[in-house]
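Bear in mind the structure is a predicted one, so any value in this text is a computation, not a measurement. Ligands are counted one by one from 1 in listed order, and the atoms in each one are counted from 1 as well.
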Amino acid sequence: MNIIAIGILGLCFGSFVNALVWRIKHKRDFVRERSECTHCHHVLAWYDLLPIVSWMLLRGKCRYCHKAIEDSPFIEVLVAGLFIISYITWPYLWTGVSMVLFGLWLISLVLLTALAVYDARWYILPDKLVWPLVVLGIFIAGTRWIGVENLTIDKALLQIVGGITIISGLYYGLYVLSKGTWVGFGDIKLGLFIGLTLGWQQSLLALFLANFIGLIVVLPGMLSKKLTPKSKVPFGPFLIVACILAFLYSKPMIDWYIKTLLGL
Ligand SMILES: [Zn+2]
């Protein structure tokens, strides 16, 4: 029952991600304006906006001009999937404060998905998404380190400062060294959220995972010469996937590593 409710919530937020990305790209007000078709600008009715259902009924085409709907049902399913796996594999006991953390985490997933989609399409992590995420990271840090993990203030600060240093610090170094060609400033800002949320151990894991995933994705393109060292590859999505994996699965991954690779 809970899983179905969380899945439906995820579909609705996925639909919101589609709208958010489009409205930020086109500099539209995403609070007051009604949703409209991106081609004919016909204002859409509520029955045109049901996640998945409307898309299927309309066979992916606008009811009014019959051009392809730009909003992707894939994003809706993706967010629903992220919500559901977060619920099933939540790494904490379900106490009151852990449920608050879960709520904050779901909001982060919405913003992280929007960021990944935006970066993959337009090679930029927009401030309108990154800064709210950093603010959210501050709330997550307080809830996680003090509320859920019961750390003392100095240990909590060590996690946060360590995490930020590992991701943002490293990227800032690379940014300065490469004069902004290897990493963008957006990645440094995203690193603030990741450091706050993950702490230093999981940030290290996320950094490793991001590079590993990036390599797996980029390598076939490099080998087939579709990508050259000068090709633009957005790093944000790799970092975002790595952050989600590190937050939810650091313990099983580290246990697996110690058992399988170190044979302990
Ligand atoms: Zn239309």
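Using a cut-off of 4.0 Å between Lys/Arg side-chain N and Asp/Glu carboxylate O, E70 and K61 are scored as not salt-bridged. The pair D255-K251 meets the salt-bridge criterion, since a charged nitrogen lies less than 4.0 angstrom from a carboxylate oxygen.
Around the Zn ion (ligand 1), the protein contributes the following N, O or S atoms at distances under 2.8 Å: C37 SG, C40 SG, C62 SG, C65 SG.
In summary, of the residues considered (V17, L106, L11), a side-chain contact (heavy atoms from CB on, under 4.5 Å) with V79 occurs for V17 alone.
Stacking of K155 on the aromatic ring of W145 is not recorded, the 6.0 Å distance cut-off and the 45° axial limit not both being met.
Note: Y118 and W22 fail the aromatic proximity criterion, with ring centroids not under 6.0 Å apart.
Within the structure, every pair that satisfies the side chain to side chain donor-acceptor pair (under 3.5 Å) test and touches residues 44-56, not counting sequence neighbours, is listed here: D48-R63, D48-Y64.
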